[in-house]
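Read through the structure below, which is laid out as structure tokens, and then see the notes.
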Amino acid sequence: MLDMPAPPPATADYAVVKRAIEFISTHWRDQPSIDEIAEQAGLSPSHFQHVFKRWAGLTPKAFLQAITIERARELLRDSATVLDAAYDVGLSGPSRLHDLFVTHEALTPGDYRRDDLTLQYGFHPSPFGEVIIIAAPRGMAGLGFVDGDREATLADMARRWPRARFARDDTVTAPYARRVFDPAFWRPDTPLRVVMIGTDFEVRVWETLLTVPMGRATTYSDIARKIGRPKAARAVGAAVGRNPISFVVPCHRVLGRSGGLTGYHWGLARKQAIIGWEAGQVRAA
DNA sequence: AGCAACAAATATC
DNA sequence: GATATTTGTTGCT
């Protein structure tokens with residue numbers, strides 16, 4: 001896959017962007033200028049602008065705009081109706097917002113325990129740093145971000161399927177990596193197959209997440225209401241956090257009721273990065 | 001027991 | 001008054 005004419009992975013750009021976002025999220029109070037941010041990221045202002053724009057599809061200023069609390073509140077304003085509308089539209093007909101189309105099947109822990117399941121995994125570049133992808137026989141089962149150590153990341157993922165056997169094979173997972181992170185592959189006629197392994201409650205939460213369009217957001221309590229457990233917001237939070245197929249199942253589009261980012265298993269900076277990147281993709285579409 | 005929550009109550013400026 | 005901080009409740013693993 002190294003000789004494949006794929007679009008530039010932008011992984012190197014992400015390192016710069018990540019540093020910038022971390023700086024911004026700790027210094028937003030003193031309204032840092034682009035020059036200051038560029039300096040923190042270790043690049044000249046003009047080079048920084050260029051790298052950033054290439055990665056995000058947005059200028060740093062527009063990106064900042066896209067990840068403020070105010071903007072988050074805007075996204076949330078009619079998040080409840082977003083969930084309702086998504087079910088009505090379904091996968092038929094062109095939706096206004098392009099997104100990754102997905103078909104899924106659910107498996108309870110008991111189901112997959114029956115067969116001696118072997119999961120294949122591989123490591124690939126992405127716009128948000130290196131990812132690990134887990135493939136089950138019937139579709140994609142997991143996606144996680146590598147922060148530093150591949151071993152630790154694999155262990156983190158493997159913990160979710162304690163009975164499964166793991167075998168590395170990057171050639172199996174490479175096609176998933178390509179189509180997940182390249183919007184050109186996001187077409188309803190070639191949906192991505194995913195396998196969700198979890199309890200009934202978890203799977204219902206993850207299914208609901210799949211109906212939140214790119215560039216939009218929802219809240220833990222809205223999801224709770226949507227699945228008919230209006231008081232289970234906290235349990236929803238736990239289930240969202242246990243989502244094994246991050247990015248594909250958009251757990252990064254779940255915010256606190258007041259627009260706060262709350263948590264992200266793979267780091268809040270990365271959550272912000274994905275939200276901002278998606279804002280850029282939506283604008284491009 | 002432990003959570004990636006939330007709303008209402010209370011304290012603080 | 002507007003905003004922090006605390007407290008009680010909540011459902012699922």
Side-chain angles (χ1 to χ4, degrees), chain A residues 18 21-22 24-26 28-31 67-83 106-113 128-129 131-132 141-147 152-153 155-164 195-212 214 216-278:
Chain A
K18 182 187 175 200
I21 290 169
E22 277 166 353
I24 291 164
S25 54
T26 49
W28 59 273
R29 280 168 199 284
D30 17 299
Q31 301 272 23
I67 60 176
T68 55
I69 293 268
E70 290 72 34
R71 170 73 183 138
R73 279 202 249 262
E74 216 173 287
L75 290 180
L76 292 177
R77 197 171 303 144
D78 40 22
S79 55
T81 54
V82 161
L83 291 183
L107 232 55
T108 66
D111 282 339
Y112 92 88
R113 211 165 283 152
F128 313 102
V131 294
I132 184 172
L143 188 157
F145 294 97
V146 180
D147 273 316
T153 311
D156 181 0
M157 297 303 287
R159 216 176 317 122
R160 300 154 195 263
W161 305 283
R163 312 284 297 239
V195 184
M196 294 175 174
I197 301 170
T199 66
D200 278 359
F201 182 82
E202 288 169 337
V203 169
R204 280 216 283 162
V205 169
W206 300 337
E207 284 171 341
T208 307
L209 282 180
L210 283 175
T211 70
V212 181
M214 178 165 72
R216 304 305 299 266
T218 187
T219 67
Y220 300 97
S221 49
D222 278 337
I223 294 174
R225 196 153 33 74
K226 186 69 204 173
I227 65 175
R229 297 276 186 296
K231 291 177 182 169
R234 193 166 189 160
V236 167
V240 170
R242 248 175 274 119
N243 162 35
I245 323 175
S246 65
F247 188 78
V248 174
V249 176
C251 46
H252 53 277
R253 294 179 200 149
V254 191
L255 310 176
R257 193 134 191 81
S258 51
L261 270 290
T262 60
Y264 195 58
H265 185 83
W266 309 104
L268 284 182
R270 190 174 262 115
K271 187 170 183 174
Q272 286 197 312
I274 296 174
I275 292 171
W277 182 85
E278 289 192 336

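Values below: every heavy atom of this structure, side chains too, minus hydrogens, waters and symmetry copies. Lettering of chains follows the sequences in order, A, B, ..., and the numbering in each one begins at 1.
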Which atom of W161(A) lies closest to which atom of A141(A), heavy atoms considered: CZ2-O, 3.3 Å

Grab the N/O contacts between the protein and nucleotides 7-12 of chain C below 3.5 Å, and write none if there aren't any.
| residue | atom | partner | partner atom | Å |
| --- | --- | --- | --- | --- |
| dC12(C) | OP1 | R229(A) | NE | 2.6 |

Interatomic distance, H265(A) NE2 vs dC3(B) P [rounded to whole Å]: 13 Å

CD1 on I67(A) to CG on L261(A), rounded to 0.5 Å: 8.0 Å

d(CG, D156(A); P, dA4(B)) in whole Å: 13 Å

Heavy-atom closest contact (V254(A) atom, I223(A) atom, distance): CG2-CD1, 4.1 Å

Pairs of donor and acceptor atoms involving the side chains of residues 235-253 of chain A, under 3.5 Å and at least two apart or interchain, shall be tabulated with distances.
| residue | atom | partner | partner atom | Å |
| --- | --- | --- | --- | --- |
| R242(A) | NH1 | E202(A) | OE2 | 2.3 |
| N243(A) | OD1 | I245(A) | N | 2.9 |
| N243(A) | ND2 | V249(A) | O | 3.0 |
| S246(A) | OG | L143(A) | O | 3.0 |
| S246(A) | OG | W266(A) | NE1 | 3.4 |
| H252(A) | NE2 | E278(A) | OE1 | 3.4 |
| H252(A) | NE2 | E278(A) | OE2 | 3.0 |
| R253(A) | NE | E278(A) | OE1 | 3.0 |
| R253(A) | NH1 | D99(A) | OD2 | 3.2 |
| R253(A) | NH1 | V212(A) | O | 2.6 |
| R253(A) | NH2 | E278(A) | OE2 | 2.8 |

Per-nucleotide protein contact string for nucleotides 8-13 of chain B (B base, S sugar-phosphate only, - none; heavy atom under 4.0 Å): ------

Interatomic distance, R225(A) CZ vs dC6(B) C1' [rounded to whole Å]: 13 Å

Distance, rounded to the nearest Å, where R204(A) contributes CZ and dT13(C) contributes P: 11 Å

Test side chain to side chain donor-acceptor pair (under 3.5 Å) applied to S221(A) - qualifying residues, sequence neighbours left out: T219(A), R257(A)

Interatomic spacing from CG in D200(A) to OG1 in T108(A) - rounded to 0.5 Å: 7.5 Å

Interatomic spacing from NZ in K271(A) to NE2 in H265(A) - rounded to 0.5 Å: 13.0 Å

Electrostatic pair E207(A)-R204(A), nearest N-O below 4.0 angstrom: no

Minimum-distance pair of heavy atoms, taken over all atoms of T208(A) and K226(A): CG2-CG, 3.9 Å

Heavy-atom closest contact (Y220(A) atom, T262(A) atom, distance): OH-OG1, 2.9 Å

Min side-chain heavy-atom separation V205(A)-R229(A) under 4.5 Å: no

Heavy-atom closest pair, residues Y264(A) and I274(A): OH-CD1, 3.7 Å

Interatomic distance, K226(A) NZ vs dA5(B) P [rounded to whole Å]: 22 Å

Within residues 249-259 of chain A, residues whose heavy atoms come under 4.0 Å of DNA chain C: none

Shortest non-hydrogen separation from D147(A) to K18(A) and the atoms involved: OD1-NZ, 3.9 Å

Base-pair map of DNA chain B as dot-bracket, where | denotes pairing with a different strand and pairs are Watson-Crick or G-U under 3.5 Å: |||.|||||||||

